[in-house]
Structure formats: C-alpha cells, structure tokens
Amino acid sequence: MIQLTINQKNYTVEVSQEKPLLWVLRDTLQLTGTKFGCGIGQCGACTVHLNGEAVRSCQVPVVAAAEMRITTIEGLSSKNDHPIQKAWKEMDVPQCGFCQSGQIMAAAALIRKNPKPDDDSINSHMTNLCRCGTYTRIRKGIHRAAEIQSKIRKGRANH
Amino acid sequence: METLTNPPINLSRRNFLIKSGWVAAGITILMNTGCSLIPAIPTTSDDIEEGINGWVQITPENRIRYFMGKAEMGQGVLNGISQILAAEFNMTLSEVDPVFPHTNQIDPVRMTVGSESISTLYPHLRKASAQLKESLQEALLKKVGGDSNDLSEKEGGVLHTPTQQFYSYGAIVQQSPKIKILKSTPSLKPPRQQPLIGKRQFFLDTPAKVQGKAIYTHDVQLPRMLYGKVAKPPVFEATMQSVDSQLAKNIPGVVKVVLDLDDNFVGVIAQSDLAAAEALKKIKIQWNIPKVWQQGDVDHELDINFLNAEGINPDILKEEGDVEDAQEVAQHHLKRDYYTPFGAHAAMETHAGVAHVTQNKADIWVGSQDAFFHQKLAAKITGLSEDKVNVHTTFIGGGFGGKVMVGAAVEAIRLSNAVKQPVRVIWDREENFQYGYFRPPSQHQIKAGVTKTGKVAYWQHQFSSGAVIFSTGMLPRSLHKLILTFTTDFGASRGALIPYTFANQQIEQWDRIFPIPTGAWRGLSSSTNAFAIESTIDDLAHLAKVDPLQFRLNHLNDTQSRLKAVVKKVGELANWKQPLPSGWGRGIACGIYKEMSYVAVVADAEVDAQTQSIQVKKLYCAHDCGLIINPNSVETMIEGNLVWGISMTLKENLSVKNGQMNASNFNTYSVARMSDVPPIEIALIEDKSIPPSGAGEPAIMVTPAAIANAVFDATGKRPSRLPIRWEDLFETV
C-alpha cells in the first residue's frame, strides 16, 4: 500500500513499489493526461511536478513519490487557466498534442523558477521532444505566459 | 468538443441519429462480407461524393454535428472541415461538434495521407452541406408555403421574407423530424463571399489538448481489459523453429500464451503490462536465421554504378531531347552522387491498439491513418464479417505516414481473439523503432551541364530507392513484386520530375527490394529527390556564375508562374542579398509538391569550426497552396515541415546493423529539439479562385536542399549525403 498526494487529493494504491509513477498515474488512477513516449527519460512526454519540480515520471519508482506533492496536467489549474495553458491557447501550440502535457508541465516549472526566461534559457531548459515541430510556438508561448504571469503577480501586489 | 474529450463511447449509429433528432436519408453502408484469400490492403479508394452526406447533421439545438471521417493526427483536418461546414451554414466554429465515428457509422473513407484531405473533401463537403441546406429549406417551404425566392440565408438559418420570420436550421429540424435529402446540384457561393473562409481561427481541439483531456489510443481503457506483449524476430525475416512457453505460464498474472508457429506468432496475455513483458522474456524461441542484413548489403542493392554495370533496366520517368548530343554544347559539366539513409517516423505516440473480440463482434480502438484497413484486417483475423467489426477512431499522437498500418493493433486483435476479452497492446519505443516501417534509403546520380550563357544544356538523373507507396511494411512480398512488374513506385518518384525548362533531360528510377520494411514517410521521396536535384541546381548556378535564386527564375517559364512567385517572395522575405555574419551561409531551394502546392525556402546556416557543428540560424518559407481555409492551420503545417526538414538534414540517421535497425530509442535516434530550431518566417501566397491543395508536406520537400545549399555557401563544401555531418564535409578518409 502506497499513499500518494496527487493534485491535492490523497490516493492509496496497491502496486509494486518499483512500478514507474507514470504507469500508476495512467493505468491505476486513470490520470491519462500524462503520456508515455519513450520510457527512458529522453522525451519528456511524461513530465509531472514533484514538489513543484519538473520530473520525468517514467523514471520515478512510485515509492519515491510517496512523500511528495505530485501535480499532473489534470491538476495544473482548476479552470484550464494556468498562464502556460492560456498562452498555449493564444498561440495554438499543439498539433497532435501528444507531447503537450509534458511540454506544459516543463514550461510551467520553468517560468515559476525563472519568471522571464530568454531564448537561451528556454532552449536549454525545454528538452522535451515534439515530433510535430511546435518548438517555435512553444518558445513564443513561454514568453507570452511569462507576461501573463507577471501581470497576475503585479495585480496581486497592487491589492 | 465534449464528444472528443470524453473516453470513447459506443454510440451506435442508430442512437446517434435518434439523439440528434434527425434522420438523414439516403445513407448506405457498404458491407463486404466473407473471407477470401486476397490479403487486406490499405483503403485507397472511396465513394466520398456519396458517403459524405452521411457525415453532416444539423441538431435541433441548431448545431452542426458531423462525423470526422478523416484521421486527426495534428494536421488540423478537424479544424479545416469544421470551418468549411460552419462557413457553408453561416455559422461560427463554436457551433460545430465533430464526432469521431467508428467504421460502421460511415461509408469507407480513403486513408488519411498525402496532404489531400482538405483538397479532396472541400468540394464534397460544400455540396453535401448545400444539399442539406436546400433540403431543410424545402421542408420549411412545405410548412410555410412559397418558393425558394421567399427565403434569404442568414446566420445559422433563413429569413422567410414575406413574413419576416427567421427560422434557424435547428428549428426546421425540430418541426420536421424526417427530412429527405435532395440530391440536387446546388449553386455554391464563391469563397470570397464566405467571410469565415480564410479567416484565422483558433483550433477547436487546443483547449482539450492543453488539459490532457484529448483521448488517444494509449488512453483507452475498457472494463476487464488485459495486457498483451508479442515476441519479435531478432533479425529481419527470421522465422520460428520451436517455442517453449512453459516457464512463462508460471508467471503470476499470466492469462494465456497464444502460439501460432506457422505464422511466427507468440504473444502473452496478462493481468498487467509488467507481467506480460516478464512472461515474454521467459519464452524460449528457437529462430531460423536467414541472411543477416547489414547496411552495406542495402547500399549495394541501391548502388547506381552497380545497377548500370549489371544492365538492370530502370523505369524511364522522362526522356526529352537528346542528352548525349547536348553534352557537346555545354561548357561546364558536373557529375554528382547523393545518398539518403533510412528514416523513422518516430511519432510521439507509439503504435497501440485496444481490441475486444467476442463470438459475434469486434470493437477495435486504434489511432490509425486508415481505420477501414484495420476493419478489414480484423475481419481476416477473427473470421467475422466486416460489418461486425467496429473500428473506433481517436486522436492520433502523430502519424507522418507511419500509422497506415498499426502493428500493435493487429497484435491486440489476435490476442483478444484468443481470449474473447479486451486486450491492450502498447508498443515500447524500442519496438516502435524496430518493427514499424521506414523511409527507404535512396541513391542518386546526376549528370548535367551548362552552356556559356548560363543555360542548363542537359540533365540526367538516375536514382534508386526502396519501396514507398507500395509499402513492403504492409503488402505481402509476392504482391509487391507483382505490382512492380507493371508500374513504378510513384511514391519514390515524387518530386523527381523537375519544373525547369531543360530541353534535354533523362530521368530514370530503379525500385529495389530488400527485406527491411519500408513505406511512406512525410513527403514521401519528394525531400530526398529534391535534396539531390536542388543541390545540383545550386552547383550549376555556381558553375554558371549566376546568383542561385536568379538561376532558378531563369529556368522557369510562364507556365510556372506560381513557382516563380514563391521564389521571388521568399527572396523578398529573406532580403536575399543581405550580408550575413561570418561563418554563416545562405541557401535557397524550391519545388512543386504533387503538382498542387508551390514552395520555396531560404535557409541560413552557421558552420562553426570550433565546435565542429552545423546550426540552422533562420528559415524563411513562401508557400502557395491555393485557397486557404485557416491561415493558422497552414502555418502550423509549414512550421512542422521546416522542423522536419532540419531534423532529417542534420539529425536523423538510421541504418541496418546485424539484421536490425541500429536505433532503439531517442538516445540512439536523434530528432530535432528546441535548441535546433531557429526563428521561422512564413509568407502565404493565395489566389482565392484556385481551390485548396495541401499544406501537410510541401515545405519539407525543399528544406533539406535549402539547408545543404546554405552549408555549401558557408564552407564551399557540397554535402552529398544526409544527415549532413561535419566529418563528412571536412575529414577525408
């Protein structure tokens, strides 16, 4: 029995401790927004947040996530309105969309740490694969999301 | 969009029609029954003109609901169709509800390939909508009297002018639940008078995709679902001699081991993915190992010098003028050899299928470019008639030609058939890199010459390729051989004919067969052919001492005005003659894709001696695909193609080693990442009177050549093989 806190909800799962977090999310808990792409941490389609940090969940044995706050694409925002999601909609980033949950989780972690990333830091941080080739829109989307985020923060500071 | 974000539901056609409150007349479902010895082949034809009437409905709530008969794999066909329909009914995109159908809900549809969905569907969608509109108007007139002159089309309905009463189409449906579709030939408004056509629109599926709510085949989960894993041969064409599965049966969670020695099939069905994989490892298989192929063997099969020396006759694609005689008038001659390797589709979603076969029916979920092909395959495997097989469609996590046949789905069908319970098979990335089908390698030899006045005197292009359109990944070898006795593989020919006015030309093709399964890959052979052709054109321009952009224009006559226009446009966009930073080079390439779309690309590349690296710094593209439904959609396709161009030119490298592909995952097959992709600028050229063609592939055709020409401009070294690597340019062995 392993206790997990995912998107602020508590779950108890009965699975092998070594089972990758990715497959517990997808198959045991039906949180299928997080995708399987490669299984070796190369593509980033399975990116989730552990205590706010972007990690590749295919490389995390479920037991290692037991004491942590897990956030998946389903829990990134309540109304599909995280600055990254808003910017992704403005830019129409996704094509096939399969890698985008991972891209969004990686990008959300980036702008939390680095509120105004330049192209170089985007290039070095965003190592997730997108076979459709949405990279230029992802880059624009991150710049736009940084703007949206800073407006929200300023708005909060003024109140 | 709710229908697309929920898990697939089994909404039968009858229910669908009753629920929507309206029964379409005149829909026929084609049923092919019985088994034959003819193998299932991809769906290459359809009767879309007849079938499409069954796609579109108006609901009593006055919404357009339609069956998305084409595969949506990121190319935006869902948005394109929705926008065409909304425009026809004078409605907005937010009033359209696409529904992914299963194969028994619509007539067979040709597979989704070749950047052709919008161009082929456009006239039929318009006609079907207009017929539906006229039928609704007719029904209204029966109630309120008068004739069609009394009706004037408004947003989402009609105004009955004598009474000044507005009737929405939905209201008409409510009042007349049974409407006969008039098979008229309606008059259509020119696109100019449809404000929604050509208007930049947001994508309907983006909100679902940014929340992780879009459903792909990987996400389909059924009650009592089991998990399958199937053994794979250690080398191409290995066959099974004997199988011992005793140990596998003892693994906890294993439900059944399915064995068909004659068909080289061993699979495990288990309660979990892990158990299935573990059990498969315990199965001892003795393989008959035939010849173990190496890359050198493939290269030998394709070797132009060998083919010429052996007197193996090529297919002649074009012979014009006299190449031999023209050599005498040329001042400069050149002979160039080019080489392109295997390529993998590497879509982010690996092949997957979920099948639930019972005694009397089968339900299959597969994200395929050809749902009806899988219906036929499932009927063959299960012995059920095709109308008893429902193939459910989902979003596809990337296709690129690689999901016409989805091997994992075929495996799921076989396994489910053995236990009559739902079985899911998701291929590992490793399986995906080994057991799909690939872009074939090609070799090219071009001999050409220019005159003193800078005109191309002759052009002789010989090339060889593995199978493309008649894929050896899908067709049995015997059938493939038979086909090649009476036709050329026109997928391998794509882009081989040149748009230039060269008086003396000879273009010849060899179709070669080897045991590595090959087939269609984005753009088919247009990009590899254009790599050879447009690199040579660049060389000829340099020999003639003419600017490469101008050299191309000099050899295009007025029948190629659309191509000339994109060449000029991309020159303006890139400010062609502007000086570049040191170490940078600039290249151009242009082409016509499938005789329908016109494209030119300028690439700027930096070749850095210190890091021994080649980096694309900027890409410009001018593109003409006729009438544009949604510029946003066309731009996404161009962006994707340019990224694919970078990837195939600088990164992707696949070859055969010891009877296998030499890649197993993204650590051994490298594709373009964020840091490889520069800013992109796009110019769309459009004449609204020209029907839409396609945008899914044209730009990839010329991108590799544009980058190669930029590398030449930067270094004076002519890249002769893909991917372009520093060591090939600067290290002579």
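Chain identifiers are assigned alphabetically (A, B, ...) following the order of the sequence lines, protein sequences preceding nucleic acid strands; residue numbering begins at 1 within each chain.
Per-residue counts of heavy-atom pairs under 4.5 Å with chain A were compared for B/P207, B/S633, B/G399; the largest is that of B/P207. Options A/T127, A/T72, A/I84, A/T34 differ in how many heavy-atom pairs under 4.5 Å they form with chain B, and the most are formed by A/T127. Contact count versus chain B (heavy atoms, under 4.5 Å) is highest, among A/G33, A/G37, A/C43, for A/G37. The candidate with the highest count of non-hydrogen atom pairs below 4.5 Å against chain B, out of A/L129, A/I73, A/T136, is A/L129. Ranked by heavy-atom pairs shorter than 4.5 Å toward chain B, the options A/G133, A/S77, A/C130, A/C96 are led by A/C96. Counting heavy-atom pairs closer than 4.5 Å to chain A, the top-ranked of the candidates B/L642, B/V643, B/D273, B/V677 is B/V677. Ranking A/T134, A/I122, A/T32 against chain B, the residue ahead of the rest is A/T32, based on heavy-atom pairs under 4.5 Å.
For a residue to count as touching a neighbouring chain, one of its non-hydrogen atoms must lie under 4.5 Å from one of that chain's; by this rule B/Q75 does not touch chain A. Looking at B/T350, the atoms closer than 4.5 Å to chain A (heavy atoms on both sides) all sit in the side chain, from C-beta outward. B/E639 touches chain A through backbone and side chain together, each having a heavy atom under 4.5 Å away. Only the side chain of A/I104 comes within less than 4.5 Å of a heavy atom in chain B; its backbone stays farther off. If you measure heavy-atom distances from B/A347 to chain A, the contacts under 4.5 Å come from the backbone alone. The part of B/F400 that comes within reach of chain A is its side chain, from C-beta onward, which places non-hydrogen atoms under 4.5 angstrom from that chain. Interface remark: B/I646 contributes no atoms to any contact with chain A (heavy atom separation under 4.5 Å). Both the backbone and the side chain of B/M348 come within less than 4.5 Å of a heavy atom of chain A. With a threshold of 4.5 angstrom between heavy atoms, A/K35 approaches chain B through side-chain atoms but not through N, CA, C or O. Using a 4.5 Å cut-off between heavy atoms, B/S272 makes no contact with chain A at all. For chain B, no part of A/D119 is nearby; none of its heavy atoms comes within less than 4.5 Å. Contact annotation for A/Q103: neither backbone nor side-chain heavy atoms come within less than 4.5 Å of a heavy atom of chain B. A/R137 touches chain B through its side chain: at least one heavy atom from C-beta onward sits under 4.5 Å away, while N, CA, C and O do not. For a residue to count as touching a neighbouring chain, one of its non-hydrogen atoms must lie under 4.5 Å from one of that chain's; by this rule B/Q201 touches chain A with the backbone only.
If you look at B/F395 and A/F98, their ring centroids are not closer than 6.0 Å.
Salt bridge absent: A/R69 and A/E53 never bring a charged side-chain N and a carboxylate O closer than 4.0 Å. Using a cut-off of 4.0 Å between Lys/Arg side-chain N and Asp/Glu carboxylate O, B/R522 and B/E697 are scored as not salt-bridged. For A/E147 and A/K86, the salt-bridge test fails: no basic side-chain N is under 4.0 Å from an acidic carboxylate O.
A donor and an acceptor atom, one from each side chain of B/E652 and B/Y669, are located under 3.5 Å apart.
Between the B/E431 side chain and the B/D428 main chain, a donor and an acceptor come within less than 3.5 Å of each other. B/D219 contributes a side-chain N or O that, together with a main-chain N or O of B/Y216, makes up a donor-acceptor pair within less than 3.5 Å. No donor-acceptor pair closer than 3.5 Å links the side chain of B/N79 to the backbone N or O of B/F203. At least one donor-acceptor pair under 3.5 Å links the side chain of A/R112 to the backbone N or O of A/G52.
A cation-pi arrangement is not found for B/R424 relative to B/W365, the charged atom failing to lie both closer than 6.0 Å to the ring centre and inside a 45° cone about the ring normal.
Of all the heavy atoms in A/G44 and A/N128, the pair that sits closest is O-ND2, 3.1 Å.
Between B/W521 and B/H345, the angle of the ring planes lies from 30° to 60°, which puts this pair in the tilted group.
For the atom pair A/M1 CE and A/E14 CD, the distance stands at 5.5 Å (nearest 0.5 Å).
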